Engineer: 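My structure is below; once you've seen it, I'll send some questions.
Computed from a predicted structure; not experimentally measured.
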Amino acid sequence: SDVYKRQGINAEYMGNCFFIKMVFFLIGAQKLSGNVKHSWDKIQQVLQAGPSGSGKMFNIEREKFRFGNLDILMIINDQLGKLDTVMENLLKRIEKQYFELDPNRKEMMIQTLGGNLTPHKFVQDFKWDDSKYPRNRQFIELVKILQLKTDEIEKLLRQGILNYQEIKVQASQYQKKDTGSLITKDLADVLKGKIVSQDDFLNTQYIQTLVAVVPKASVQQWTEQYEFLNDGVIPKSLKQFNIEDKDGFTLWRVCVFRPQAQDFITASRVKLKITVREFTYDPTALADKEAKIKELEFQSRSLSGKLQNTCEKCFGELYIAYIHLKIFKLIVDGAMRFGVNEDYCAGVILPQAGKEKKVLQGLTKVFADQAQADLYGAKEEIDDTEDFYPFVYVPINIPS
């Protein structure tokens, strides 16, 4: 962690790994003295003071986009803001699911034609992909493409989670049967081996063997009154099994005539407050159950691996779309603020941990009219619903 701190990187320890937590933002700033490079030099001075962070200027190639009029830009800006929120929430869901499956996994990577990149590296080296998001399309079409990609990824993730959870629920149901008191526990797990035999259970067309779960304190009452609960009890059919759980419950066999079985179960509960359970002895049941549990565990591991791969794929594809959206938003905001035909300074900024506010304040001093400096700041500082700065500010909050 000390290594990360010396480099100004915010890292959080999870499992046995450090995960880098970064907050980037894109900036679009006016030309100072009519010169883009002069603006970037001023930005670099702010970042080098302290130092407070790092940055990289890039060419947004505005000429490759098909801008509309101001009304179109306002509509697109609103749509991008809504889609931005949807994408961020989905990326957080993917991250959360990924690290829940394996807290020791390393930082998620972005798969590109040039190899796997960290989110940090991908943003720094970003190049617009016209094969996925063609800039010669109308803005409204680009938004639809981004929306469709988001919907596609959400559907893929949802199906992967559903498949995994179905198996987890089945496995949980089997595990639940293995726990608890004798009132709820799967009796096949306890009535086995040397404790019982086939001869202990008489089940015919007319006779049914039931199993009573009797509290230790009620044993005497039970043995004295069970024969009188209804007229379907077979006398002298009572037998205690050598079982007692941690709650003090014991197990007893009793045989009744099949037509009166349900009445006997009800009478035991109402008159003696004793639970009587139906049970069919099957010497192969335990082996079948153990085989089923092993099968579910195998399926669970397999689907866990598939879901991890799905998370990696979904995160990478959605992150690529997410950064395209952020650049798109920078371009739309820049056109609305500076004009469609006006060039401006654009770049990505990575403030050092804890110095985000200092960087934004420093940049505000550089680009704001000092007479209007009080108008700018984070929404909490200016009592507004949105952050407002004398430059285009597009935060990148993923990875979180």
Engineer: Rounded to the nearest 0.5 Å, how far apart are CG of N59 and NZ of K64?
Structural biologist: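 Answer rounded to 0.5 Å: 8.5 Å.
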
Engineer: How many angstroms lie between atom CG of L191 and atom CZ of F201, to the nearest 0.5 angstrom?
Structural biologist: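 Reported value, rounded in 0.5 Å steps: 5.0 Å.
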
Engineer: Any chain of hydrophobic side-chain contacts (each under 4.5 Å) joining Y344 to I27?
Structural biologist: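 No, Y344 and I27 fall in different hydrophobic clusters.
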
Engineer: Is L325 linked to L148 within one hydrophobic cluster, defined over Ile, Leu, Val, Met, Phe, Trp and Tyr using a side-chain heavy-atom separation of less than 4.5 Å?
Structural biologist: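 L325 does not cluster with L148.
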
Engineer: Would you please test E278 and Q262 for side chain to side chain donor-acceptor pair (under 3.5 Å) and show each step?
Structural biologist: CA-CA 9 Å; E278 294 183 86; Q262 291 304 316; 3.2 Å; yes

Engineer: First locate atom CG of D102, then atom CG of L307, and finally report the distance between them rounded to the nearest 0.5 Å.
Structural biologist: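 The distance works out to 12.0 Å.
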
Engineer: For K132 and I145, which heavy atoms make the closest approach, and how far apart are they?
Structural biologist: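 Looks like O-CG2, 3.6 Å.
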
Engineer: Going through the checks in order, is the salt bridge (Lys or Arg N to Asp or Glu O under 4.0 Å) test met by R337 and D333?
Structural biologist: CA-CA 6 Å; R337 180 170 297 213; D333 284 357; over 6 Å; no

Engineer: Search all heavy atoms of S268 against all heavy atoms of L229 and return the closest pair with its distance.
Structural biologist: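 Closest pair (atom of S268, atom of L229, distance): OG-CD1, 3.3 Å.
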
Engineer: Is the Y376 to F388 ring centre distance short of 6.0 Å?
Structural biologist: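 Y376 vs F388: aromatic centres under 6.0 Å.
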
Engineer: Run Y393 and F25 through ring pair (Phe, Tyr, Trp, His ring centres under 6.0 Å) and show every step you take.
Structural biologist: CA-CA 7 Å; Y393 169 71; F25 65 84; 5.2 Å; yes

Engineer: With heavy-atom distances below 4.5 Å as the criterion, would you say the side chains of N203 and I207 are in contact?
Structural biologist: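 Heavy-atom side-chain distance check fails, nothing below 4.5 Å.
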
Engineer: Ignoring hydrogens and angles, tell me if any N or O in the side chain of K56 forms a donor-acceptor pair with the backbone of Q124 under 3.5 Å.
Structural biologist: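 Yes, K56 side chain to Q124 backbone: donor-acceptor pair under 3.5 Å.
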
Engineer: Report yes or no: does K355 contribute a side-chain atom to a donor-acceptor pair with the main-chain N or O of P51 at less than 3.5 Å?
Structural biologist: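 Checking the backbone N and O of P51 against the side chain of K355, a donor-acceptor pair under 3.5 Å is found.
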
Engineer: To the nearest 0.5 Å, how far apart are CG in L350 and CD in E356?
Structural biologist: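 CD of E356 is found 9.0 Å from CG of L350.
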
Engineer: Quick check: does any side chain N or O of T204 sit under 3.5 Å from a backbone N or O of Y206, one acting as donor and the other as acceptor?
Structural biologist: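 Flag set: sc T204 to bb Y206 pair under 3.5 Å.
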
Engineer: Can you tell me how far CD1 of I327 sits from CZ of R135, rounded to the nearest 0.5 angstrom?
Structural biologist: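 Rounded to the nearest 0.5 Å, the CZ-CD1 separation comes to 10.5 Å.
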
Engineer: Do you reckon L375 sits in the same ILVMFWY cluster as F367, going by side-chain contacts under 4.5 Å, direct or chained?
Structural biologist: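 Hydrophobic grouping puts L375 apart from F367.
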
Engineer: Is there a salt bridge (Lys or Arg N to Asp or Glu O under 4.0 Å) between K379 and D387 once you walk through the steps?
Structural biologist: CA-CA 4 Å; K379 57 187 176 183; D387 302 331; 5.7 Å; no

Engineer: Between the main-chain N or O of T250 and the side-chain N or O of Q240, is there a donor-acceptor pair closer than 3.5 Å?
Structural biologist: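 Side chain of Q240 to backbone of T250: no pair is present.
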
Engineer: Is there a side chain to side chain contact (heavy atoms under 4.5 Å, CB included) between T150 and V86? Walk through the geometry before answering.
Structural biologist: CA-CA 8 Å; T150 304; V86 172; 4.0 Å; yes

Engineer: Under the side chain to side chain donor-acceptor pair (under 3.5 Å) criterion, do Q170 and Q299 qualify, and how do the steps go?
Structural biologist: CA-CA 11 Å; Q170 290 184 45; Q299 291 180 6; 5.9 Å; no

Engineer: For E95 and K92: C-alpha separation, side-chain torsions, deciding distance, then whether salt bridge (Lys or Arg N to Asp or Glu O under 4.0 Å) applies.
Structural biologist: CA-CA 5 Å; E95 278 188 307; K92 289 175 182 177; over 6 Å; no

Engineer: Of the options F126, F139, F67, which is the one that meets F328 in a ring-ring contact (aromatic ring centres under 6.0 Å, His included)?
Structural biologist: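 By the ring-ring contact (aromatic ring centres under 6.0 Å, His included) criterion, F328 pairs with just one of F126, F139, F67: F139.
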
Engineer: Check whether the ring centres of F65 and W128 lie less than 6.0 Å apart, and answer yes or no.
Structural biologist: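 Yes.
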
Engineer: Could you see if V233 belongs to whatever hydrophobic cluster contains V211? Use Ile, Leu, Val, Met, Phe, Trp, Tyr and a side-chain cutoff under 4.5 Å.
Structural biologist: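 V233 does not cluster with V211.
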
Engineer: Using atom types as modelled and distance alone, determine if a side-chain donor or acceptor of Y164 lies under 3.5 Å from a backbone N or O of S302.
Structural biologist: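 Such a contact is absent between Y164 side chain and S302 backbone.
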
Engineer: Show, in sequence, the C-alpha distance, side-chain angles and deciding distance for Q45 and D41, and conclude whether the side chain to side chain donor-acceptor pair (under 3.5 Å) test is met.
Structural biologist: CA-CA 6 Å; Q45 288 176 18; D41 289 342; over 6 Å; no

Engineer: I'd like to know if L32 and V46 are part of one continuous hydrophobic network [Ile/Leu/Val/Met/Phe/Trp/Tyr, side-chain heavy atoms within less than 4.5 Å].
Structural biologist: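 In one cluster: yes.
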
Engineer: So does A188 get a backbone contact from the side chain of D186, meaning a donor-acceptor N/O pair under 3.5 Å?
Structural biologist: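 Yes, because the side chain of D186 sits within donor-acceptor range (under 3.5 Å) of the backbone of A188.
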
Engineer: Checking S218 side chain against V214 main chain: does a donor-acceptor pair fall under 3.5 Å?
Structural biologist: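 Not a single qualifying donor-acceptor pair exists.
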
Engineer: Just by modelled atom types, is the F241 backbone N or O under 3.5 Å from a matching donor or acceptor in the R253 side chain?
Structural biologist: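 Looks like no, no N/O pair under 3.5 Å.
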
Engineer: Can you check side chain to side chain donor-acceptor pair (under 3.5 Å) on Q220 and E224, steps first, answer last?
Structural biologist: CA-CA 6 Å; Q220 183 175 348; E224 292 174 353; 3.1 Å; yes

Engineer: Within the 4.5 Å heavy-atom criterion, are P215 and I274 side-chain neighbours or not?
Structural biologist: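 Side chain of P215 against side chain of I274, heavy atoms only: contact under 4.5 Å found.
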
Engineer: From Q165 CD over to L303 CG, what is the distance, rounded to the nearest 0.5 angstrom?
Structural biologist: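 The CD atom of Q165 sits 11.5 Å away from the CG atom of L303.
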
Engineer: For the backbone of T275 and the side chain of R269, can you confirm whether one donor and one acceptor N or O come within less than 3.5 Å of each other?
Structural biologist: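 Side chain of R269 to backbone of T275: no pair is present.
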
Engineer: Does the pair K329/D84 count as a salt bridge with the N-to-O cut at 4.0 Å?
Structural biologist: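 No salt bridge links K329 with D84.
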
Engineer: Please find out if less than 6.0 Å separates the ring center of Y98 from that of F315.
Structural biologist: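 No; F315 has its ring centre 6.0 Å or more from that of Y98.
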
Engineer: Please assess E88 against K326 for the test salt bridge (Lys or Arg N to Asp or Glu O under 4.0 Å), listing each intermediate value before the final yes or no.
Structural biologist: CA-CA 11 Å; E88 283 198 3; K326 292 292 188 179; 3.4 Å; yes

Engineer: I'd like to know if the side chain of N89 reaches the main chain of T85, judged simply by a donor and an acceptor atom lying under 3.5 Å from each other, with no hydrogens or angles considered.
Structural biologist: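 Present.
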
Engineer: Taking C-beta and beyond as the side chain, do Q159 and N163 meet within less than 4.5 Å on heavy atoms?
Structural biologist: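 Yes, side chains in contact.
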
